[in-house]
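Indexing begins at 1, ligand by ligand and atom by atom, following the structure's order. We use all heavy atoms of the structure for the numbers below, so side chains are in, but hydrogens, waters and symmetry mates are not. This structure is a prediction, so every number in the text was calculated from the model and none was measured. Numbers here simply count residues along the sequence, with the first being 1.
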Amino acid sequence: MTQTVSRPAAGAQKPPLPLDVEAIRADFPILTRTVRDGKRLVYLDSGATSQKPRSVLDAERDFYENHNAAPHRGAHQLAEEATGLYEGARARIAEFISAAVEEVVFTRNTTDAINTVAYALSNAATAKEPSFRRYAVGQGDEIVVTEMEHHANLVPWQQLCERTGATLRWLGLTDDGRLDLSDLGTVVNERTRLVAVTQQSNILGTINPLEPIVARAREVGALVLVDGAQSVPHQPVDVATLGADFLVFSGHKMLGPTGVGVLWGRYEVLDALPPFMTGGSMIEVVRMEGSTFMPPPQRFEAGVPMTAQVVGLGAAVDYLQALGMDRVQAHEEALTGYALEQLQAIPGVTVIGPPDTVARGGAISFTVEGIHPHDVGQVLDDLGIAVRVGHHCAWPVVRRYGVPATTRATFYVHTGYDDVDTLVEGVRAAQRFFGVTPEEATA
Ligand code: PLP
């Protein structure tokens with residue numbers, strides 16, 4: 001990585017923000033509390049999990065207070081209402097990503113969604129039903145990921161390869177935090193069965209060019225899974241434009257509750273996959289000798305689902321749609337540009353990832369020369385600033401850039417310039433606290 005040039009960010013640009021931060025903050029009860037002896041909560045950890053607006057909390061509470069029942073079961077009014085709310089949320093979430101309703105499968109989170117696909121591909125090899133064997137992965141096949149993936153989009157593929165004898169291959173990274181596509185044509189080849197790639201890196205902030213990857217996968221007949229955990233909450237994502245076979249994301253990172261995520265799959269592909277989890281709700285006919293399964297999405301939703309959480313995610317999608325995803329993206333881009341400029345003006349601070357806003361989202365990882373990221377995090381926490389420190393579940397990335405860990409700030413709809421200014425002041429305070437003055441840091 002190139003060391004950042006140390007120059008004060010005098011006259012830094014603060015373009016007007018597309019979202020009304022004060023009005024939005026009023027919707028988030030948690031933002032009214034203080035932390036660390038009365039300090040304003042500066043929440044810059046939405047990339048790990050987002051805070052929830054009142055409408056999402058109300059939707060969950062209303063479900064439990066007035067409609068609680070198991071959907072798709074029971075011949076009573078509450079069961080009918082619960083089913084209507086659950087399926088109504090599915091329809092709104094499908095519309096949010098321009099998908100067909102029956103292509104939206106509810107999972108616990110992104111991790112669960114990826115494991116559902118990975119286990120379906122290995123179960124396919126031994127499926128009794130011939131129509132389930134179409135996408136089977138076995139010996140001699142290859143799975144392609146990138147060096148930028150969150151562990152959730154890496155370890156399940158390593159495990160799939162161990163179960164099946166397939167080989168894992170990956171695309172590397174450039175020094176400025178982007179995907180190195182120079183060997184795309186050989187890494188993705190006739191043996192490739194699936195390419196799994198993140199749309200936006202949780203650690204580098206990079207927004208990846210999916211078009212050439214999807215095009216190459218199509219040339220060799222491979223499936224494509226896009227990890228949208230950090231993109232769907234922050235930019236408009238439309239599965240038709242994406243051109244992939246699967247898109248996965250987590251409700252808790254997009255203002256929704258924990259415990260609910262989405263696996264979107266092209267219907268034709270989902271329909272050819274065997275289930276991963278089996279049990280109630282996903283069966284067609286059960287006999288002692290064997291069972292048959294429902295079509296998607298029910299085939300992949302075994303057991304009583306996370307109903308209140310799905311309803312809450314529906315409310316989160318309503319909230320985001322009311323703001324407008326174009327504006328959400330523009331808002332974060334303005335903040336990111338300002339924060340990059342301010343942070344990179346601090347001597348000793350190095351941004352790990354693209355240094356500007358070109359094809360980049362609002363996750364900024366950085367190191368501070370002479371101070372361990374955990375110590376930076378502790379000083380920031382004392383000031384009421386919540387950031388994440390560590391390897392951010394993307395260990396190969398920190399290894400690639402030769403750092404033990406990073407400090408990461410992530411932005412969302414309630415983030416304002418004041419939050420960024422507080423962060424920048426906090427980093428300078430950490431330098432003072434540890435006696436690493438700007439002059440010493442650059443000496
Ligand atoms: N993929 C990316 C890019 C992420 O940032 C995360 C979480 O931070 C995940 C996957 C895993 O998400 P979850 O823990 O909600 O399953």
Subject >> Test side-chain hydrogen bond (donor to acceptor under 3.5 Å, both in side chains) applied to R61 - qualifying residues, sequence neighbours left out >> reply: E65

**OP:** Check whether any heavy atom of D227 sits under 4.0 Å from an atom of ligand 1.
**Re:** yes

Subject >> Side chain to side chain, Y86 and P305, heavy atoms closer than 4.5 Å >> reply: yes

Original post:
Does R25 count as lying over the ring of Y43, i.e. NZ or CZ under 6.0 Å from the six-ring centre, within 45 degrees of the axis?
Top reply: no

**OP:** Would you check whether S250 has a nitrogen or oxygen atom less than 3.5 angstrom from a nitrogen or oxygen atom of ligand 1?
**Re:** yes

Atoms of ligand 1 close to [X] [distance to a heavy atom under 4.0 angstrom, numbered from 1]:
{"X": "A152", "result": "10 (C), 11 (C)"}
{"X": "Q230", "result": "3 (C), 4 (C), 5 (O), 8 (O)"}
{"X": "T111", "result": "11 (C), 13 (P), 14 (O), 16 (O)"}

**OP:** Using heavy-atom distances, let me know which of H150, R388, M148 sits nearest atom 11 (C) of ligand 1.
**Re:** H150

Subject >> Residue pair P29 / K52: nearest heavy atoms and the distance that separates them >> reply: CD-O, 3.8 Å

Original post:
Side chain or backbone of E149 under 4.0 Å from ligand 1, or both, or neither, by non-hydrogen atoms?
Top reply: neither

Original post:
Between K253 and ligand 1, which part of the residue brings a heavy atom under 4.0 Å of the ligand: side chain, backbone, both or neither?
Top reply: side chain

Subject >> Pairs meeting criterion salt bridge (charged side-chain N to carboxylate O under 4.0 Å, His left out) with involvement of residues 313-330, two or more places apart >> reply: R92-D318

**OP:** Would you confirm whether T206, through its side chain, and S201, through its main-chain N or O, come within 3.5 Å as a donor-acceptor pair?
**Re:** no

